[in-house]
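These notes are about the structure you will find just below.
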Amino acid sequence: MADNATLSPAAQRDGATRHRLYLVDGSGYIFRAYHALPPLTRKSDGAPVGAVSGFCNMLNKLLEDAAADGRVSHIAVIFDAARATFRNDIYPDYKANRDEPPEDLVPQFAMIREACGAFSLPAIEMEGFEADDLIATFAKRARAEGADVVIVSSDKDLMQLVGDGVWLLDPLKNRELREKEVLEKFGVAPDRVVDVQSLAGDSTDNVPGVPGIGIKTAAQLIGEYGDLDALLERAAEIKQPKRRENLIQFAEQARISRELVRLRDDVPVTERLDDFAIRRVDETKLIGFLDEMEFRTLKARVIKAHGLEAAQPEEVVGRGVVQGDGHGEPLSAQAPAVAKTDYRLVQDMAALQDWIDRATSAGRVAVDTETTDLSPRRARLCGVSLAVEPGEACYIPLGHVSAGDLADDPTPPKQIPEAEALAALKPLLEDPAVLKVGQNIKYDMVMFLKAGIRVAPIDDTMLLSYTADPGHGHGMDELSELHLGHRPIPYAEVCGKGKAQITFDRVALDAACAYAAEDADITLRLHHVLRPMLLRSRRVALYETLDRPLATVIADMEFAGIKVDPAALQRLSADFAERMTALEAEIQELAGERFNVGSPKQLGEILFEKMSLPGGRKGKNGAWGTGADVLERLSAEGHDLPRRVLDWRQLAKLKSTYTDTLQAEINAETGRVHTSFALAATSTGRLSSSEPNLQNIPVRTEEGRKIRAAFVAEPGHKLVSADYSQIELRILADIADIPQLKQAFHDGIDIHALTASEVFGVPIEGMDPMVRRSAKAINFGIIYGISAFGLANNLGIPQGEAKRFIDAYFERYPGVKTYMDAKRREAHEQGFVTTLWGRRCVLPGINSKNPAERAFNERAAINAPIQGTAADIIKRAMVALPPAIAEAGLAARMLLQVHDELLFEVPEGEVDRTKTLVAKVMQGAADLSVPLEVEAGAGDSWGQAH
DNA sequence: GATCTCACG
DNA sequence: GACGTACGTGAGATCC
């Protein structure tokens, strides 16, 4: 029983309890803490202490948890000693690509070892070995003595040690990693992790592996052949020629990789398990250290936990840098609260005329319509509200039926006849001397267009907010709360919700008036706030030349709609249905059971459990990934079922989203489909389209294009489509100022071929189409804020190769790298980036402490100025086009916008002149240092025009 | 209502 | 030595 003298009290309490050893991966934690936590400096001397702080908090939490748990008996903290280890003797390049540790981390290494002493924990390191080898060695010895081993780390290189009685604990996420998690990560059990890593290599450690093989492939191969040696011996059997060659050629490299990856569990350590037994913390020493480090919060915590003295209220020490809101001066001056309101119901012509007169003499009126539907083309008008002064508004009911149960009282309430009221309102709404203010006034404009009224001039509080103060929603309720401190009556309070919801025409007039008049009133008040805000934001020109005039243009487009041939869609639906049934039968035959092909869950179970095809779980929900990429890979590996599922999915998508749904979207009165374009929805300034979305009509596949053929012109008309060619790359060339790209666009050179020749050093003449394809993917990637991972994924190449492509690209186009760095920096400093016309694209997560979120925002920061400038350009064209068309005496109607494309319906005899004019206006929409090119086509259908 | 998948630029 | 990935959208189906 002599051993027991060194055991923790907890272990002594229960002799049957197994010992449990915590092996803390100190070096791993330092780097992770350094990068995960905001920088922090010691107040007194400015010494960087962020990683120390993170480390101490982690240790403290670990000890607290261990004390609460009662099962932990031993703890040791393990560190790397120096850079060079025995692995460098095997392979000199091992970890050769590592940067030096950051300048402000270096001094913290010593402090962290000191911290271990302060917490009375042994800090272990040994020359020539990595922390991981020591951990492996201690783990093995502890297991031999019957103890459980918890490795406090999330390093994947330690996963090979997981097994019976050994698991990892991620200290930041407080999550245990056992066999299951290892299987998820590597696709094999822990004892085969080394084999997988030897094949896949590791770019961060510079472990070479075998070219062309990543974790997925490696796992599949090891699963098939058992282990690395067996695989290398039987490499000649591999079907894929490239893979076979590589496995044979790089067999030795794989074996070397194994030596690098496999952890040594025979390090000649001198410590014994007993040396790691938990000791009582020396509070004086610990508090002295915390004082020295100036960790006041942690000190208070320790004091409290140990009951040393009453914890005095401590000021919480701020951690990290203070981040600005990114907007500089506050834009919003809080408007006075909505105090007194006088809302009137207008039920006779005299009263209406009185309001019209007041509005006319005020020269400004807020207008709002109440209807039965969110889609204006489907909606029936219920009434109109007007506001002339803050707090003074009216509601003019026009289409109300009796409130409540119709059977009780079928008599409609007293209202002015709709036609009469609209006739009286028309002069006001069209009066060039009276500004009509609305919240999303485009909706009301479409409603009025149906009554033959062209509302003008207009102003829109939603668009004002979108331009002057982006980065949040611009719905009226949100704006009202934000700027007026007032919560409007919720729609649901008036009309109910869910099944019990009624249309607005059934609402009792007094309730309708309270709701509707308030909307107009709030709109007017918001106008008083947002107009000055726009001025202060210095984006008046953007609003006045783009967003504001665009509202009218879009209202006309939505009102016009586009003709769709229902019979053609019906035929497609029937065809798709038939083929889906056939495919479904084949799929179930292959699967050997009936299941719902449309259920990713069931499909995943069939593929990966029943048929046990290779492939991994993904996501936190434990669901099998069955995306097109996965199925595509399986199909390429020779499996029939996934191919058929892909075909089935394509048809299911086309049928449910397009051929079926689109038929239902055809407006009964017009025989056309009327989408709704959102003008204030996207973060970059693009439009979006919904109900239905006509910006994602299929075009990339043969089957999909059949749907475009169902979008047709009226008899005697053609559809004309005009699109910008490579507008985003042209914008990049301009704003990043890239000489070769600009020259190429001037000379009309194939831009992807140029990139291919620059990056891969091949001549443009007679270029291999696959090489050009890679270059095209790089060009797209650049616009998206390229990452090696993304490009590798897109091209199906190893990440290392993708990285070389990117490096070569930056080498040839250093200006692009400069541009990206500048945008990242800009975003970090001010929280937004801007388009060429000054539109702000806000990046709320740019300074997040979550590295993934930050990286995501950085990529968005690179993309947004490009995408947003393209959006501004086409908006300029859209605003310029209607007057240009009218001036040319043409009758073309703009119908749709699809980001870089405009679609028109044109009388047959005007096709050529319209094409020429449209192209000219679109080209002239921006004056860049590169020419803009527009391609235009015409035909009886959208498919033909494209 | 969240998640997955997929249509577009 | 670490996050989880291409940028921006909308919609239908399934599942909880």
Side-chain angles (χ1 to χ4, degrees), chain A residues 25 27-36 80 95 98-99 101-102 105 153-157 170 172-173 202 204-205 596 598-604 618-621 623-631 646 649-650 652-658 660-661 675-676 678 681-701 704 707 723-724 727-728 777 780-795 799 802 841 848-856 858-868 870-871 874 897-901:
Chain A
D25 174 15
S27 293
Y29 188 84
I30 292 173
F31 284 99
R32 214 170 149 207
Y34 176 79
H35 287 102
D80 292 328
K95 295 200 175 181
R98 288 283 169 84
D99 295 331
L105 179 56
S153 172
S154 59
D155 189 341
K156 61 179 177 351
D157 296 336
D170 180 339
L172 285 183
K173 292 184 181 158
D202 186 340
T204 58
D205 291 348
N596 184 351
S599 162
K601 185 167 171 284
Q602 293 177 35
L603 175 65
K618 72 162 206 188
K620 36 226 145 228
N621 307 320
W624 296 103
T626 66
D629 49 341
V630 177
L631 300 187
L646 282 169
R649 274 201 189 152
Q650 178 180 202
K653 174 80 176 180
L654 295 179
K655 182 168 186 288
S656 71
T657 311
Y658 301 105
D660 287 353
T661 315
T675 184
S676 171
T682 68
S683 58
T684 56
R686 270 191 178 180
L687 304 181
S688 78
S689 160
S690 60
E691 282 191 301
N693 183 354
L694 294 186
Q695 289 182 321
N696 71 346
I697 301 302
V699 71
R700 291 173 186 170
T701 66
I707 293 166
D723 65 283
Y724 285 109
I727 189 166
E728 296 194 333
F780 272 107
I782 291 294
I783 289 167
Y784 296 153
I786 204 151
S787 72
F789 188 95
L791 183 63
N793 239 356
N794 191 289
L795 282 175
Q799 212 170 317
C841 308
S848 160
K849 61 179 187 170
N850 175 347
E853 189 182 354
R854 226 166 37 227
F856 179 70
E858 285 178 355
R859 291 195 296 271
I862 290 163
N863 172 261
I866 302 172
Q867 187 184 119
I874 197 167
Q897 187 251 45
V898 192
H899 309 307
D900 66 355
E901 174 190 4

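Everything numeric here is computed off the predicted structure, so don't read it as measured data. Naming: A, B, ... by sequence-line order, numbering from 1 per chain.
- The NZ atom of Lys156(A) sits 6 Å away from the P atom of dA2(C) (whole-angstrom rounding).
- Ion pairing between a basic and an acidic side chain is recognised when a charged N comes within 4.0 Å of a carboxylate O; Asp25(A) and Arg32(A) show no such pairing.
- The same atom, P, is picked in dT5(B) and in dA6(C); the two are 13 Å apart, to the nearest Å.
- Between the Ser690(A) side chain and the Asn693(A) main chain, no donor and acceptor come within less than 3.5 Å of each other.
- A distance-only check finds no donor-acceptor pair linking the side chain of Asn863(A) to the backbone of Gly785(A) [under 3.5 Å].
- Nucleotide dG8(C) holds its C1' atom 14 Å from the CD1 atom of Ile874(A), rounded to whole Å.
- Judged purely by atom type and a 3.5 angstrom limit, Thr675(A) uses its side chain to pair as donor or acceptor with the backbone of Pro692(A).
- Atom CD of Gln650(A) and atom P of dA7(B) are 6 Å apart (whole Å).
- A close approach under 4.0 Å does not occur between any side-chain nitrogen or oxygen of Thr682(A) and OP1 or OP2 of dT9(C).
- Counting non-hydrogen atoms under 4.0 angstrom, Arg686(A) reaches a base of the nucleic acid.
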Per-nucleotide protein contact string for nucleotides 11-16 of chain C, where B marks a base within reach and S marks sugar-phosphate only (heavy atoms under 4.0 Å, - for neither) | SSSSSS
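- The separation of dA2(C) from dC6(B), taken at their C1' atoms, amounts to 31 Å, rounded to a whole angstrom.
- Gln695(A) places a side-chain N or O within donor-acceptor distance of the main-chain N or O of Gln897(A), the cut-off being under 3.5 Å.
- Between Arg859(A) and dC7(C) there is a side-chain N or O to OP1 or OP2 distance below 4.0 Å.
- Within the 3.5 Å criterion, the main-chain N or O of Ser656(A) finds a donor-acceptor partner in the side chain of Thr661(A).
- At least one donor-acceptor pair closer than 3.5 Å links the side chain of Ser27(A) to the backbone N or O of Asp80(A).
- Residue Ser27(A) is the one, among Ser27(A) and Ser787(A), whose nearest nucleotide of DNA chain C lies closer to the 5' end (criterion: closest heavy atom).
- Out of dA6(C), dA7(B), dG8(C), the shortest distance to the side chain of Pro698(A) is found at dA7(B).
- Rounded to an integer number of Å, the gap from CG of Leu795(A) to C1' of dT5(C) is 15 Å.
- Phe780(A) places none of its side-chain heavy atoms less than 4.5 Å from the side chain of Ile786(A).
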Check the pair Gln867(A) / Thr684(A) against side-chain hydrogen bond (donor to acceptor under 3.5 Å, both in side chains), numbers first and verdict last.
-> CA-CA 7 Å; Gln867(A) 187 184 119; Thr684(A) 56; 2.8 Å; yes
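- Residue Leu791(A) is in base contact, counting any heavy-atom pair closer than 4.0 Å across all strands shown.
- With hydrogens and angles ignored, the 3.5 Å screen pairs a side-chain donor or acceptor of Gln602(A) with a backbone N or O of Asn596(A).
- Comparing dA6(C), dG4(C), dA7(B) against the side chain of Ala852(A) picks out dG4(C) as the nearest.
- Residue-level contact check: Ala861(A) touches neither bases nor backbone, having no heavy atom under 4.0 Å from any strand.
- Closest approach to the Thr626(A) side chain among dT5(B), dC6(B), dC7(C) is made by dT5(B) (side chain taken as heavy atoms from C-beta onward).
- The separation between Ile782(A) atom CD1 and dT5(C) atom P is 21 Å, rounded to whole Å.
- Using a 4.0 Å heavy-atom criterion, one finds that Ala628(A) contacts the sugar-phosphate atoms exclusively.
- The CD-C1' distance, from Gln695(A) to dG10(C), rounds to 9 Å in whole Å.
- In this structure, Arg854(A) contributes its side chain and Ser848(A) its backbone to a donor-acceptor pair below 3.5 Å.
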Which nucleotides of DNA chain C pair, in dot-bracket form (Watson-Crick or G-U under 3.5 Å, | meaning another strand) | ......|||||||||.
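- Between the side chain of Arg700(A) and the base of dG9(B), a donor-acceptor pair under 3.5 Å is found.
- Heavy-atom distances to DNA chain C give each of Ile786(A) and Tyr34(A) a nearest nucleotide, and the one nearer the 5′ end belongs to Tyr34(A).
- The distance from atom CZ of Arg32(A) to atom C1' of dA2(C) is 6 Å, rounded to the nearest whole Å.
- Here Asp900(A) lies in heavy-atom contact (under 4.0 Å) with sugar-phosphate atoms only.
- Atom CD1 of Ile697(A) and atom P of dG9(B) are 11 Å apart (whole Å).
- The residue Phe789(A) sits close to a base: some heavy atom pair falls under 4.0 Å.
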